[in-house]
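All chains are named by letter (A, B, ...) in the order of the sequence lines, taking the proteins before the strands, and each is independently numbered beginning at 1. No experiment lies behind these values; they were computed from the predicted model shown.
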Protein chains: 2
Amino acid sequence: MKYLRLELRYPPALIHPIHRLVDESDAVERDVLLHGSLFDETADTFLFYVEGDVDVYADALRSVDRIREFEITRIDETGFYVFLTQRRDAVDEAMFGSLRRTGVVVVPPIDFRPDGVARLTVLGEQGPLREALAGLPDRIESEILRVGEYDWRQHLFDPGLTERQFDALAAAVDCGYYESPRTASVEEVAERIDAAPSTASEHLRKAESAMMTAFMELRDVA
Amino acid sequence: MKYLRLELRYPPALIHPIHRLVDESDAVERDVLLHGSLFDETADTFLFYVEGDVDVYADALRSVDRIREFEITRIDETGFYVFLTQRRDAVDEAMFGSLRRTGVVVVPPIDFRPDGVARLTVLGEQGPLREALAGLPDRIESEILRVGEYDWRQHLFDPGLTERQFDALAAAVDCGYYESPRTASVEEVAERIDAAPSTASEHLRKAESAMMTAFMELRDVA
DNA sequence: GCTCGGGCGTGAAGTACCTCCGCCTCGAAC
DNA sequence: GTTCGAGGCGGAGGTACTTCACGCCCGAGC
């Protein structure tokens, strides 16, 4: 199973009005589609993460006919979420027709950038992926940014524990060493992984070290 | 915007035949819905990650009427991906009817576990979430595993720490409490977050508890 | 073959940490 | 307004944990 990181370039006529905001207005800096789901046969529900001016964005939403209803939730000074329900149109159908087929899946987030560019990831086998790409509307240019083997486990949080460290951690969690208050001692963990208490303790501390530093790094990046 | 980590318990009659495999057969250990999308008005496409016996799983898929077509990709000895297209049925519609409304979004992965249990995450404001929960079919029990503010930037791995717990953890990592061996004591952490050593210690242990259990849960799901 | 580094393993000694208790604050729910 | 629960805070006491020094094994590299 491969993944494709794609860049789609919409011609000016096909750019979604909201997407156009990102391009033309300085008020909206980032527009990311986080999740989408079927609402009914003619419309879809989306969750966007946006950075920029809430009022400008809301005005834009109100001015677009296809958008039935929306709801905005602020996060902090710059960021907010937008829920919206949108009627499907011809462009969507053309896109869906190609990307919605057995063997191909679009993975959020979809990143809408200036100049009518959207970046997204698609999963599937080479054949179906090629077909899906070929089936895109002619006027939409596509460029492949990256290709690779897809392993969804790689997207998860990995602190890089050794096998024994993981064993110790698993045993510790399992037997209640990490309850609060603890319901198991290092000694019990040691028994479970068949090692001396001091050994188990070292594994646990190394595991903790790796976990916590990896976690803080993750938060810095995010 | 909140997120709910939910556990749904399907009564035996409503358990999906494939989900039943996880319960009854030793041949399939894990069944995780990674992505789903609309195929057409009556069916959906899904990507599953499965650990277990490919042949048993394939046979099961063939024996289920609702499943139109499928495609399997091996990863390694135990794991494989499954693409499939499935006709929607009454249970799906009932679920969708409640979960597919403005203001609520279901976020993959959905983890199918033994005993007809499925775990998933739902996003939205309190009101819509409550309504969605209330609107679930009566025969499906639901339990809320965790609640929190949703931030997609953190969504990848969220142990659900409180603010002070996070403060303590950040200070601890920063000043070397989680080095191996430790280069800072609880007391130093306490000073940094301006609290008594015992308070700092409690925060750290609670944080550790949350981190480790969340991590093991992630690995179970993953 | 030798060396070097990293991971794993262990016992002993000392203290740093965990637990428990009581109290306070805050927000949600009714 | 009131109740309830969860989170936060801190003091005192005892023990469970960390640390250290040392040794083994394995794989990589010259």
Side-chain angles (χ1 to χ4, degrees), chain A residues 73 158-214, chain B residues 1-5 124-134 142-150 158-214:
Chain A
T73 310
D158 182 19
L161 303 179
T162 67
E163 199 179 331
R164 287 302 272 169
Q165 285 165 14
F166 183 83
D167 291 344
L169 193 54
V173 169
D174 191 47
C175 75
Y177 177 81
Y178 281 113
E179 297 295 306
S180 182
R182 302 194 193 285
T183 61
S185 64
V186 179
E187 204 159 311
E188 300 185 46
V189 177
E191 278 177 28
R192 291 213 182 195
I193 66 169
D194 201 36
S198 61
T199 309
S201 172
E202 297 232 335
H203 285 323
L204 288 180
R205 261 168 343 81
K206 294 225 174 97
E208 287 170 8
S209 172
M211 288 282 297
M212 302 315 181
T213 53
Chain B
M1 168 122 12
K2 308 285 184 192
Y3 74 87
L4 288 185
R5 185 75 186 155
E125 292 304 326
Q126 280 199 345
L129 280 178
R130 230 194 293 271
E131 290 167 32
L133 265 186
S142 63
E143 184 188 346
I144 298 175
L145 299 176
R146 204 161 55 220
V147 191
E149 270 299 311
Y150 176 69
D158 181 15
L161 303 181
T162 67
E163 199 178 330
R164 286 304 272 167
Q165 285 165 16
F166 183 83
D167 290 345
L169 192 55
V173 169
D174 191 48
C175 74
Y177 178 81
Y178 281 114
E179 298 296 304
S180 183
R182 302 195 193 284
T183 61
S185 65
V186 179
E187 204 159 4
E188 300 185 48
V189 178
E191 279 176 27
R192 291 212 182 197
I193 66 168
D194 201 37
S198 62
T199 308
S201 172
E202 294 230 337
H203 286 324
L204 287 179
R205 260 171 343 81
K206 293 224 175 95
E208 286 170 8
S209 171
M211 288 281 298
M212 302 316 182
T213 52

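Side chain of B:Arg164 to backbone of B:Ile193: a donor-acceptor contact under 3.5 angstrom is found. With B:Gln165 contributing its side chain and B:Thr162 its backbone, the two residues share a donor-acceptor pair below 3.5 Å. No donor-acceptor pair under 3.5 Å is formed between the side chain of A:Ser180 and the backbone N or O of B:Ser209.
In this structure, A:Glu163 places its CD atom 15 Å from C1' of D:dC25, rounding to the nearest Å. For the pair A:Tyr178 OH and D:dC17 P, the computed distance is 11 Å after rounding to whole Å. In this entry the distance linking CZ of B:Arg164 with C1' of D:dG10 reads 13 Å, nearest Å. To the nearest angstrom, C1' of D:dC9 lies 11 Å from CG of B:Asp194. As rounded to whole Å, 13 Å separates atom P of C:dC8 from atom CG of A:Leu169. Rounding to whole angstrom units, CD1 of residue B:Ile144 and P of D:dA6 are separated by 14 Å. At whole-Å resolution of the value, NZ in A:Lys206 and P in C:dG6 are 11 Å apart.
Residue B:Glu143 qualifies as enclosed at atom CD: its count of foreign heavy atoms under 6.0 Å is above 12.
For the pair A:His203 and C:dG7, the criterion of a side-chain N or O lying under 4.0 Å from OP1 or OP2 is not met.
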Protein-nucleotides 28-30 of chain C N/O pairs under 3.5 Å:
none

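For the atom pair A:Leu204 CG and A:Tyr177 OH, the distance stands at 5.5 Å (nearest 0.5 Å). The CD atom of A:Glu179 lies 13.0 Å from the CE atom of B:Met212; values are rounded to the nearest 0.5 Å. One distance of note links CD of B:Glu208 with CG of B:Leu169; it measures 8.0 Å at 0.5 Å rounding. Atoms CG and NZ, on A:Leu161 and A:Lys206 in that order, are 12.0 Å from each other to the nearest 0.5 Å. A:Asp174 CG to A:Asp167 CG: the interatomic distance, rounded to the nearest 0.5 Å, is 12.0 Å.
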What one-letter contact string describes nucleotides 11-19 of chain C from 5' to 3', where B marks a base within less than 4.0 Å of any protein heavy atom, S marks contact via sugar-phosphate atoms alone, and - marks no contact? BB----SSB
